[in-house]
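My structure is below; once you've seen it, I'll send some questions.
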Amino acid sequence: MCGIIGYVGARPAEAILLGGLRKLEYRGYDSAGISLVEGGEIRSVRAVGNLDHLEAALSSAPVNGRVATPATVGIGHTRWATHGRVNEANAHPHVDTSGRVHVVVNGIVENYVKLRERLIADGAVFTSETDAEVIAQLLASHYNGDLAGAVASTLAELDGSFSFVALCLDEPDLLVAARRESPLVVGCGADESFVASAVPAFLADTRSVRYIESGELVLLRAGSVEIRDRTGAVVERELVEIDWDDETAEKGGFETFMLKEIYEQADGLAETINDRTVRGSGVDLADEGAFDESLLDGVQRVVILACGTAYHAGLVGRYAIEEWARLPVDVDVASEYQYRNPIVGPGDLVVGISQSGESFDTLAAMRLARARGARVIALTNSMGSQATRDADGALYTRAGLEIGVAATKTFTCQLAAVYLLALRLAELRDTLPAARIAELVLALRGLPQLVDELLAGLEPSVAAVVEWCWDADFFLYMGRHVGVPVALEGSLKLKEISYISTDAYPAGEMKHGPIALLDESTPVVAIATDSPLLAKVISNIQEVRARGAKVIAITTAGDTTVAQHVEATIEVPATDAMLAPLLAVIPLQLLAYRIAMRRGLNPDQPRNLAKTVTVE
Ligand code: F6R
């Protein structure tokens with residue numbers, strides 16, 4: 001995730017862009033930059049680090065006639081590195097060889113390697129390792145006096161999901177922005193126009209917005225905005241008045257960060273999955289220069305270490321790695337691991353999963369394993385975190401900053417990352433036929449879209465369930481196979497934000513004790529998505545119903561068998577059975593959220609909990 005912004009108007013652009021970038025910093029903060037049309041030139045300043053570093057660089061950078069005529073047109077970027085290391089050369093804006101076209105980009109250009117080779121053959125000189133730079137170079141190659149035309153031709157050549165804003169010195173009063181999947185919204189002031197990844201970036205200046213649809217491009221001039229569709233036809237788009245207060249704006253219009261983050265999951269998943277997979281073939285994890293695939297050579301066992309929600313992601317990882325890569329996998333709660341004198345060493349690949357990369361116990365467990373000779377990977381959402389410094393390599397999730405204490409989008413991105421790791425291991429070990437790998441890659445790449453579809457229709461079915469179960473004293477969750485970690489995660493979500501007592505079990509274990517807890521007042525949440533074990537899950541559902549419990553089943557859309565045996569179903573779209581946890585957990589996040597809200601609690605700040613646990 002990166003944040004992009006553009007301004008064209010009558011006021012000094014620098015302060016407006018910097019103010020907007022501050023509101024977008026949650027999307028990325030490893031480097032930042034802005035380009036301003038100033039004194040007949042484009043002045044571009046970039047800096048590694050957060051926006052304070054950019055501000056300092058701007059105040060010491062040479063100025064072109066800035067005092068007499070401060071720039072009123074410019075673009076800005078705050079980066080979350082995907083392609084290319086964190087350094088000034090890879091920071092945006094990116095510029096074509098002539099220096100006349102500048103762009104800021106969010107997202108991923110999947111076919112950038114081929115495009116880059118072609119552009120180099122045609123004489124372009126690249127100065128960064130990024131995929132984004134091809135957009136600047138391509139724009140320049142198509143430019144013949146019409147930036148909007150060049151953007152349309154460029155879009156036709158790009159694969160991937162991205163949004164960008166472009167600026168060309170030959171048309172200094174114009175910005176052209178475009179979107180494919182990644183977010184983009186336009187702000188319409190009286191004699192000024194804004195464009196950004198999210199509304200809060202310009203909310204201090206205008207509350208009138210037009211939303212840009214995927215595939216469209218938009219021309220912005222001071223006080224005028226023209227939206228064009230794929231065919232070049234001008235599109236009329238409704239002007240929406242945003243009535244959010246400052247606090248709501250920070251939450252992107254949602255009532256809480258947790259809800260915003262639940263709804264951001266498709267975006268983070270696309271960023272985590274898309275450029276690491278090649279449609280029709282396999283997986284490539286060698287990104288960001290942080291992950292050397294030789295770490296995966298000759299692995300004899302995988303050990304996953306994590307706490308809380310991240311541990312549940314590790315449990316799913318065990319099923320995927322064992323099934324696909326046929327490697328033995330141990331998954332351990334990090335706080336227990338180090339006191340067990342574990343048997344670990346050369347030949348073991350240790351994966352520490354931690355969204356923050358700072359959990360004390362996970363770090364301690366990773367260090368112990370490394371000291372005993374294992375190679376260690378940090379699977380984390382936090383670039384440069386301690387976990388990455390203590391490990392031999394880092395595999396990043398790209399969920400963007402998560403503020404709600406209860407992990408949601410970082411969990412689904414962790415699942416995506418462990419699936420990618422499992423598939424890559426399978427490829428390297430030749431344990432799956434190429435056709436099956438291609439099928440799984442396709443299924444993985446389809447997940448962001450399925451998550452969007454799921455969330456678009458989820459609230460009514462969750463609301464119907466909340467209506468009758470929100471004041472229960474105890475919930476029990478159960479599942480089988482990959483449904484077990486989903487049950488554990490659903491149970492954790494509900495207890496931590498609603499303070500309801502919950503438990504989770506493999507459904508086959510119910511008869512061995514937990515069934516004694518059940519009576520007519522107990523809601524039981526059953527993970528009953530399509531799988532070879534579904535018939536067994538249905539038998540377990542019947543057992544708990546025979547004790548009077550009321551069952552809420554998470555089912556696959558179109559299934560008609562489970563509904564006959566339960567009080568309520570919440571459907572998720574169909575996918576490969578191994579990937580189903582990534583969809584099945586989302587209704588459980590929303591169920592926990594809506595129950596907590598119904599009980600008058602603040603899910604963003606549950607009592608007694610902290611976002612990052614940096615003590616033992
Ligand atoms: C639960 C939750 C925690 C964290 C755990 C590990 O919603 O957020 O259980 O998953 O504290 O944190 P990280 O992933 O930062 O190591």
Side-chain angles (χ1 to χ4, degrees), residues 256-262 264-265 268 272 304-317 331-338 350-367 369 376-391 394-418 475 477 485-500 502 504 581 585-586 588-593 595-596 601-616:
T256 61
F257 284 109
M258 183 174 169
L259 194 61
K260 170 174 175 273
E261 287 155 5
I262 287 174
E264 277 173 349
Q265 296 187 92
T272 302
I304 302 179
L305 304 172
C307 305
T309 288
Y311 169 73
H312 300 152
L315 292 177
V316 175
V331 190
D332 259 280
V333 169
S335 54
E336 286 296 314
Y337 187 73
Q338 56 181 316
V350 170
V351 183
I353 307 182
S354 170
Q355 76 80 22
S356 62
E358 305 289 347
S359 284
F360 180 93
D361 289 315
T362 308
L363 294 176
M366 288 166 67
R367 282 184 201 131
V376 176
I377 297 175
L379 196 161
T380 178
N381 199 46
S382 184
M383 201 158 280
S385 56
Q386 191 59 45
T388 66
R389 294 197 293 276
D390 288 350
L395 180 57
Y396 289 107
T397 50
R398 298 172 185 155
L401 192 63
E402 188 174 71
I403 294 173
V405 166
T408 52
K409 62 177 182 173
T410 54
F411 176 66
T412 44
C413 285
Q414 283 165 355
L415 292 183
V418 293
F475 274 67
Y477 289 69
V486 177
L488 286 164
E489 177 59 9
S491 156
L492 177 63
K493 282 293 87 97
L494 185 63
K495 69 161 66 87
E496 67 182 334
I497 62 172
S498 73
Y499 318 143
I500 297 174
T502 69
V585 76
I586 291 174
L588 304 188
Q589 296 169 343
L590 198 61
L591 180 67
Y593 178 82
I595 291 176
L601 302 167
N602 176 2
D604 278 347
Q605 285 164 350
R607 70 183 182 204
N608 308 338
L609 292 176
K611 182 70 186 156
T612 305
V613 183
T614 53
V615 291
E616 189 170 17

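No hydrogens, no waters, no symmetry mates; every other heavy atom, side chains included, goes into these values. All ligand and atom numbering here is 1-based and tracks the order in the structure.
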Quiz item: Who's the nearest protein heavy-atom neighbour of atom 14 (O) of ligand 1, and how far?
Solution: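 Looking only at protein heavy atoms, the one closest to atom 14 (O) of ligand 1 is Gln355 N, 2.7 Å.
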
Quiz item: Between Glu496 and ligand 1, does any nitrogen or oxygen pair lie at a separation below 3.5 Å?
Solution: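 Indeed, backbone or side chain, Glu496 has an N or O that close.
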
Exercise. Any chance you could lay out the side-chain hydrogen bond (donor to acceptor under 3.5 Å, both in side chains) test for Lys493 and Thr309, step after step, and finish with the verdict?
Key: CA-CA 9 Å; Lys493 282 293 87 97; Thr309 288; 3.1 Å; yes

Self-check item: Sub-4.0 Å heavy-atom approach of Val405 to ligand 1
Solution: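 Contact check Val405 vs ligand 1: positive.
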
Quiz item: For Ala407 and ligand 1, does the shortest N/O to N/O distance drop below 3.5 Å?
Solution: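 Among all N and O atoms of Ala407, at least one is under 3.5 Å from an N or O of ligand 1.
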
Self-check item: Close N or O approach (Thr309, ligand 1; < 3.5 Å)
Solution: yes

Self-check item: Side-chain H-bond candidate by donor/acceptor type, Thr408 with Tyr593, under 3.5 Å
Solution: no

Quiz item: How far is atom 11 (O) of ligand 1 from its nearest protein heavy atom, and which residue and atom is that?
Solution: Val613 CG2, 4.3 Å

Practice problem: Would you mind listing which atoms of ligand 1 come within a distance below 4.0 Å of any non-hydrogen atom of Cys307? | Solution: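 In order of numbering, the contacting atoms are 5 (C), 6 (C), 10 (O).
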
Quiz prompt | Results of side-chain hydrogen bond (donor to acceptor under 3.5 Å, both in side chains) for Ser498 - residues two or more places apart only | solution = none

Practice problem: Considering only non-hydrogen protein atoms, determine which one is nearest to atom 15 (O) of ligand 1 and report residue, atom name and distance to 0.1 Å. | Solution: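 Answer, as residue, atom name and distance: Ser356 OG, 2.6 Å.
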
Quiz item: Hey, which atoms in ligand 1 end up nearer than 4.0 Å to a heavy atom of Ala310?
Solution: 10 (O), 14 (O)

Quiz prompt | Check: Thr362 side chain, Ala306 main-chain N or O, donor-acceptor pair, under 3.5 Å | solution = no

Self-check item: Numbering as shown, the atoms of ligand 1 that approach Ser359 to under 4.0 Å (heavy-atom distance)
Solution: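 In order of numbering, the contacting atoms are 6 (C), 12 (O), 13 (P), 15 (O), 16 (O).
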
Self-check item: Under 3.5 Å: donor-acceptor pair, side chain of Asn381, backbone of Leu401
Solution: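 Not at all, since once roles are kept as given, no pair shorter than 3.5 Å links the two residues.
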
Self-check item: Expected output: side-chain Thr380 to main-chain Gln355 donor-acceptor under 3.5 Å
Solution: yes

Practice problem: Kindly write out the residues that satisfy salt bridge (charged side-chain N to carboxylate O under 4.0 Å, His left out) with Glu261, not counting sequence neighbours, or none if the list is empty. | Solution: none

Practice problem: Identify which one of Gln265, Glu489, Lys409 satisfies the side chain to side chain donor-acceptor pair (under 3.5 Å) criterion when paired with Gln589. | Solution: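 When side chain to side chain donor-acceptor pair (under 3.5 Å) is applied between Gln589 and each of Gln265, Glu489, Lys409, only Gln265 qualifies.
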
Quiz item: Mind checking whether Lys493 has a heavy atom under 4.0 Å from ligand 1?
Solution: yes

